[in-house]
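Just so you know, these numbers come straight off a predicted model, no measurement behind them.
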Amino acid sequence: MKWTIFFGWMLFSVNIHASSLVIERVNNDETSLSFTELTSLPSASITTDLPWTPDVNTYTGVPLIELLRSEGIEDAKAVILYGLNDYAAVVQMSDVKKYNPIIAYYKNSKPMKVRDKGPYWLIFPLDQYEELNTAYYYTQMVWQLEKVATISND
């Protein structure tokens, strides 16, 4: 019985550590935000059909612009998003301001698991803006997101 509790606790603790999101500023200063900290920020929902999912789903998360503001980042030119699989994509702040993508942490009101493209996924509102339905924007929708790094305006 003790071993069952121990291994259950170990599995739970791995999930806690796996769900942090790192924010890196231009000066390489980093902040790690927990799932609880992210869910305490202002949230928004996007209901959309994505090329990687069979149905329309509702994604809830923090708007990327709000996440950056909460970290005191107001003047970035772009951000680089890094996934757990070492995939990276650059997203221009002009697109962030125009389309208001979110860092989703819920899919249909449930936390996203790594095997389901979680724990975090950048979601653009594809159904709201026809011009977003292109390979260019698809490549920016990084799933299994683990880090957001800023690029300076300089």
Side-chain angles (χ1 to χ4, degrees), residues 14-26 28-154:
V14 168
N15 287 336
I16 290 172
H17 296 297
S19 63
S20 64
L21 181 66
V22 174
I23 310 299
E24 181 182 296
R25 292 167 185 72
V26 175
N28 294 329
D29 182 33
E30 290 185 352
T31 302
S32 182
L33 299 172
S34 69
F35 181 82
T36 302
E37 290 170 317
L38 284 170
T39 58
S40 72
L41 295 172
S43 66
S45 293
I46 294 174
T47 300
T48 193
D49 186 20
L50 300 176
W52 309 280
T53 60
D55 301 312
V56 172
N57 294 285
T58 299
Y59 299 89
T60 303
V62 59
L64 179 53
I65 194 78
E66 292 296 329
L67 174 63
L68 296 173
R69 285 182 186 144
S70 76
E71 291 298 309
I73 301 167
E74 303 266 349
D75 59 349
K77 176 182 179 180
V79 292
I80 307 171
L81 305 175
Y82 295 93
L84 293 172
N85 61 358
D86 293 327
Y87 179 79
V90 176
V91 178
Q92 299 299 317
M93 286 307 294
S94 57
D95 286 336
V96 171
K97 292 173 183 174
K98 182 175 182 179
Y99 300 115
N100 204 23
I102 63 171
I103 304 284
Y105 43 74
Y106 292 141
K107 177 181 174 185
N108 300 325
S109 301
K110 295 180 185 170
M112 294 184 293
K113 298 176 182 174
V114 171
R115 69 173 177 245
D116 298 320
K117 301 188 177 11
Y120 309 112
W121 188 357
L122 182 76
I123 302 290
F124 277 97
L126 299 184
D127 289 356
Q128 198 173 352
Y129 298 96
E130 187 177 316
E131 67 267 25
L132 293 177
N133 280 295
T134 66
Y136 176 77
Y137 288 102
Y138 296 166
T139 62
Q140 294 179 25
M141 295 175 55
V142 178
W143 56 67
Q144 297 175 336
L145 186 61
E146 69 174 346
K147 183 177 181 179
V148 177
T150 56
I151 298 175
S152 171
N153 257 334
D154 299 337

Q.
Counting only heavy atoms not in Asp86 (residues, nucleotides, ligands), do more than 12 fall under 6.0 Å from its CG?
A. no
(message) So Thr60 and Ser109, do their side chains get closer than 4.5 Å, heavy atoms only?
(response) no
Residues passing the side chain to side chain contact (heavy atoms under 4.5 Å, CB included) test with Lys147, sequence neighbours excluded, are Val22, Glu24, Glu30, Tyr82
In sequence, state the C-alpha distance, the side-chain angles, and the governing distance for Leu33 and Leu67, and then conclude on side-chain contact (heavy atoms from CB on, under 4.5 Å).
CA-CA 10 Å; Leu33 299 172; Leu67 174 63; 3.5 Å; yes
Taken to the nearest 0.5 Å, the spacing of Gln92 CD from Lys97 NZ works out to 11.0 Å
* Asked: Is it the case that Asn108 and Tyr59 place a side-chain donor and acceptor less than 3.5 Å from each other?
  -> no
- For the side chain of Arg25 and the backbone of Gly72, is there at least one donor-acceptor N/O pair under 3.5 Å apart? no
In short, Ile80 meets Ala88 closest at the heavy-atom pair CG2-CB, 4.2 Å
Heavy-atom closest pair (Lys77 atom, Ser152 atom, distance to 0.1 Å) is CB-O, 3.3 Å
Would you call Ile46 and Asp127 a side-chain contact if the rule is heavy atoms closer than 4.5 Å? no
Looking only at heavy atoms, the pair that brings Ile102 and Gly61 closest together is CD1-N, 3.6 Å
For residues Tyr105 and Ser43, determine if any side-chain heavy atom of one lies less than 4.5 Å from a side-chain heavy atom of the other. yes
Heavy-atom nearest pair, Lys117 first then Trp143, reads O-CB, 3.3 Å
For Leu132 and Pro125, the nearest pair of non-hydrogen atoms, with its separation, is CD1-O, 3.6 Å
Examine distances only and state if a side-chain atom of Thr31 and a backbone atom of Ile23 form a donor-acceptor pair shorter than 3.5 Å.
no
Q | Side-chain heavy-atom pair Met141, Leu50 within 4.5 angstrom cut-off | A | yes
* Asked: Is there a side-chain contact between Asp55 and Asp49 (heavy atoms, below 4.5 Å)?
  -> no
So OG1 of Thr53 and CG of Asp116: to nearest 0.5 Å the spacing works out to 11.0 Å
Rounded to the nearest 0.5 Å, the CD atom of Glu71 sits from the CD atom of Glu74 at a distance of 11.5 Å
For Pro42 and Pro63 the tightest heavy-atom approach is O-CD, 3.4 Å
- Query: Do Leu81 and Gln140 have side chains that get closer than 4.5 Å, going by heavy atoms?
  - Reply: no
From the list Asn133, Val91, Leu64, side-chain contact (heavy atoms from CB on, under 4.5 Å) partner of Phe124 resolves to Val91
One should read off an interatomic distance between Ile73 CD1 and Ile65 CD1, to the nearest 0.5 angstrom, of 10.0 Å
> Take atom CD in Glu130; do more than 12 heavy atoms of anything else shown fall under 6.0 Å from it?
Replying inline: no
Taken in chain and number order and not counting sequence neighbours, the residues that satisfy ring pair (Phe, Tyr, Trp, His ring centres under 6.0 Å) with Tyr87 are none
Thr134 meets the side chain to side chain contact (heavy atoms under 4.5 Å, CB included) criterion, sequence neighbours left out, with Tyr136, Tyr137
(Q) Do Leu21 and Ser32 have side chains that approach each other closer than 4.5 Å (heavy atoms only, starting at C-beta)? (A) no
| Could you go step by step and tell me if Met93 and Ile151 meet the side-chain contact (heavy atoms from CB on, under 4.5 Å) rule? | CA-CA 10 Å; Met93 286 307 294; Ile151 298 175; over 6 Å; no
So Asn57 and Lys107, do their side chains get closer than 4.5 Å, heavy atoms only? yes
